[in-house]
Amino acid sequence: MKINKLISKAFILSALFLASCSDDDSPQLPKGDYENGILISGEGSGAGTGSISFISNDLTTTENLIYKKVNTNELGVYLQSITFDNDRAFIVVDNTNSVTVVDRYTFEDKATITTGLNKPRYMETVDNKGYVTNWGSTADETDDFIAIVDLNTYAVDGTIAVGNGPERIIESNGKLYVSHKGGFGTNNIISVIDLSDNSVETITVGYKPDEIFVNTKGELVVLCGGNESWTGNETIASIVNINMSTNTEVSALTFADGEHPSLMVLDNGMLYYELGGKVYSIDEDATALSSTSIVESQGYLYGMEVKDDKIYLLDADFTDLSELNIYDLSTKNKITTKAIALGASKIYFN
């Protein structure tokens, strides 16, 4: 009897010990050199390849050309965007008609997709499928499409025909929303693709719809830059809200004649938009645009992000390193400047 009690007590202690050593308490090992930091993609130019820079979250470390350093080869020009899916990053380069797949934390190469793409721009991932917007040929406004990539094989296994110049693409509730900036021309539609059957509807908005987000009310928010005067058909710019159940416009804030914003970020219920190198902010429910800027670019403002009460502005240079300028949103004071990728255009938090 005493032996049985001792065995039982030993069993219970062993179980408690094993429980205390469960996965929940295991130390988290670093995933790679590029975890916990900021990734900046640069388009590149005739002066050099598209590239990616890394800045640590504490802003003490900056490293340029990280893809080249890890893999000893180049990405090519023009690097348009990066999309993330769990541990993978998908780097879209339009001039090479490629999507390069890497580990997002080590940047070690996994694969490069080079077949079935034609001027790829942006990508969204849904259920182990990648959906890539493609402009197609410069000579044909009817050959634009969404390439469907099997993310197990990294092969394009289907396409969805869409209107001219598909640009940004996001998924919400089983549907893809695609802004059509117009590619080599101009356009004024949003495509809505139902992923249950890949059918396509379109919503007419202002010309040159680009940045798209879903706000806290479940509305699609679209920045329409408007046709510039050089197009010979100048139109006004606007920020449009769309009911995603009915695909109808519910509100629009219009800019003055001749004003053409090119960047917008939605963060924590606030809209930040660029106009003439200055950044303005309004509540997502605002009924008027702001007349007072919060910060001003020190160069050619080409990319913008907001996170944790900081605003990140990319002042792009296409012949040398660009600048990342970081400002405190509360004080509007600049925190730091970093020299980063050639033709820097996009910011991602890794």
Indicate yes or no for a side-chain donor-acceptor contact from [X] to the backbone of [Y] under 3.5 Å, with no hydrogens or angles considered.
X: His180; Y: Gly163; answer: yes
X: Ser56; Y: Gly37; answer: no
X: Thr83; Y: Met123; answer: yes

Quick check on the hydrophobic clustering: are [X] and [Y] connected, directly or via other members, by side-chain heavy-atom contacts under 4.5 Å?
X: Tyr273; Y: Leu253; answer: yes
X: Val240; Y: Phe213; answer: no
X: Ile189; Y: Val200; answer: no
X: Ile340; Y: Ile347; answer: yes
X: Ile212; Y: Leu223; answer: no

I'd like to check [X] versus [Y] (side-chain heavy atoms, cut-off strictly below 4.5 Å). Are they in contact?
X: Ser345; Y: Ser41; result: yes
X: Leu151; Y: Thr125; result: yes
X: Tyr300; Y: Asp317; result: no
X: Ile91; Y: Leu75; result: yes
X: Ile311; Y: Met304; result: yes
X: Tyr207; Y: Cys224; result: no
X: Lys68; Y: Ile66; result: no
X: Ile335; Y: Leu59; result: yes

[X] with [Y]: basic N within carboxylate O range, under 4.0 Å:
X: Lys175; Y: Asp194; value: no
X: Asp267; Y: Lys307; value: no
X: Arg104; Y: Asp85; value: no

[atom2] on [Y] to [atom1] on [X], rounded to 0.5 Å:
X: Trp135; Y: Asn164; atom1: CH2; atom2: CG; value: 9.0 Å
X: Lys208; Y: Thr231; atom1: NZ; atom2: OG1; value: 7.0 Å
X: Ile170; Y: Glu124; atom1: CD1; atom2: CD; value: 7.5 Å
X: Ser238; Y: Leu289; atom1: OG; atom2: CG; value: 9.5 Å
X: Ile190; Y: Ile169; atom1: CD1; atom2: CD1; value: 11.5 Å
X: Glu43; Y: Ser322; atom1: CD; atom2: OG; value: 9.5 Å

Looking just at side-chain N and O atoms, do [X] and [Y] make a donor-acceptor pair shorter than 3.5 Å?
X: Asp143; Y: Ser137; value: no
X: Asn73; Y: Tyr67; value: yes
X: Thr142; Y: Asp144; value: no
X: Ser179; Y: Glu167; value: no
X: Asn128; Y: Asn152; value: yes
X: Gln80; Y: Asp94; value: yes
X: Asn241; Y: Glu219; value: yes
X: Asp315; Y: Ser297; value: yes
X: Asn95; Y: Lys119; value: yes
X: Lys334; Y: Thr337; value: yes

Q | Verdict with reasoning, Phe107 to Ile52, per side chain to side chain contact (heavy atoms under 4.5 Å, CB included) | A | CA-CA 10 Å; Phe107 264 75; Ile52 298 169; 3.5 Å; yes
Counting only heavy atoms not in [X], do more than 12 sit closer than 6.0 Å to its [atom1] atom?
X: Glu141; atom1: CD; value: no
X: Asp283; atom1: CG; value: yes
X: Asp127; atom1: CG; value: no
X: Asn173; atom1: CG; value: no

I need the minimum non-hydrogen distance between [X] and [Y], along with the two atoms involved.
X: Ser98; Y: Thr112; value: CB-CG2, 4.1 Å
X: Asn325; Y: Tyr327; value: CB-CE1, 3.7 Å
X: Thr202; Y: Ser191; value: CG2-OG, 4.0 Å
X: Arg121; Y: Pro166; value: CG-O, 4.0 Å
X: Ala147; Y: Gly116; value: CB-O, 3.9 Å
X: Glu234; Y: Ser229; value: OE1-CB, 3.3 Å

Using ring centroids (six-membered ring only for Trp), state whether [Y] and [X] fall under 6.0 Å.
X: Phe318; Y: Tyr302; result: yes
X: Tyr312; Y: Phe349; result: yes
X: Tyr280; Y: Tyr272; result: no

Q: Just do the salt bridge (charged side-chain N to carboxylate O under 4.0 Å, His left out) check on Glu211 and Arg168 with the steps written out, would you?
A: CA-CA 7 Å; Glu211 318 262 20; Arg168 312 269 181 165; 3.3 Å; yes
Q. Among Leu263, Ile326, Leu301, Leu324, whose side-chain contact (heavy atoms from CB on, under 4.5 Å) with Leu313 holds?
A.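 Running side-chain contact (heavy atoms from CB on, under 4.5 Å) over Leu263, Ile326, Leu301, Leu324 with Leu313 returns exactly one hit, Leu301.
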(Q) By the definition side-chain contact (heavy atoms from CB on, under 4.5 Å), identify the one residue from Thr133, Val132, Asn134, Ile160 that meets it with Phe145. (A)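 Of Thr133, Val132, Asn134, Ile160, side-chain contact (heavy atoms from CB on, under 4.5 Å) with Phe145 is met by Asn134 alone.
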Q | Val265/Leu271 under side chain to side chain contact (heavy atoms under 4.5 Å, CB included): CA gap, chis, key distance, verdict | A | CA-CA 6 Å; Val265 172; Leu271 280 173; over 6 Å; no
Q: Please assess Lys310 against Leu329 for the test side chain to side chain contact (heavy atoms under 4.5 Å, CB included), listing each intermediate value before the final yes or no.
A: CA-CA 5 Å; Lys310 297 185 186 71; Leu329 269 175; 5.9 Å; no
(Q) Checking Tyr105 against Tyr34 for the ring-ring contact (aromatic ring centres under 6.0 Å, His included) test, could you report, in this order, the C-alpha distance in whole Å, the side-chain angles of both residues, the deciding distance, and whether it holds? (A) CA-CA 5 Å; Tyr105 302 115; Tyr34 305 114; 9.9 Å; no
Q.
Please determine whether side chain to side chain contact (heavy atoms under 4.5 Å, CB included) holds for the pair Tyr131 and Tyr122, giving the CA-CA distance in whole Å, both sets of side-chain angles, and the decisive distance to 0.1 Å.
A. CA-CA 8 Å; Tyr131 296 87; Tyr122 291 84; over 6 Å; no
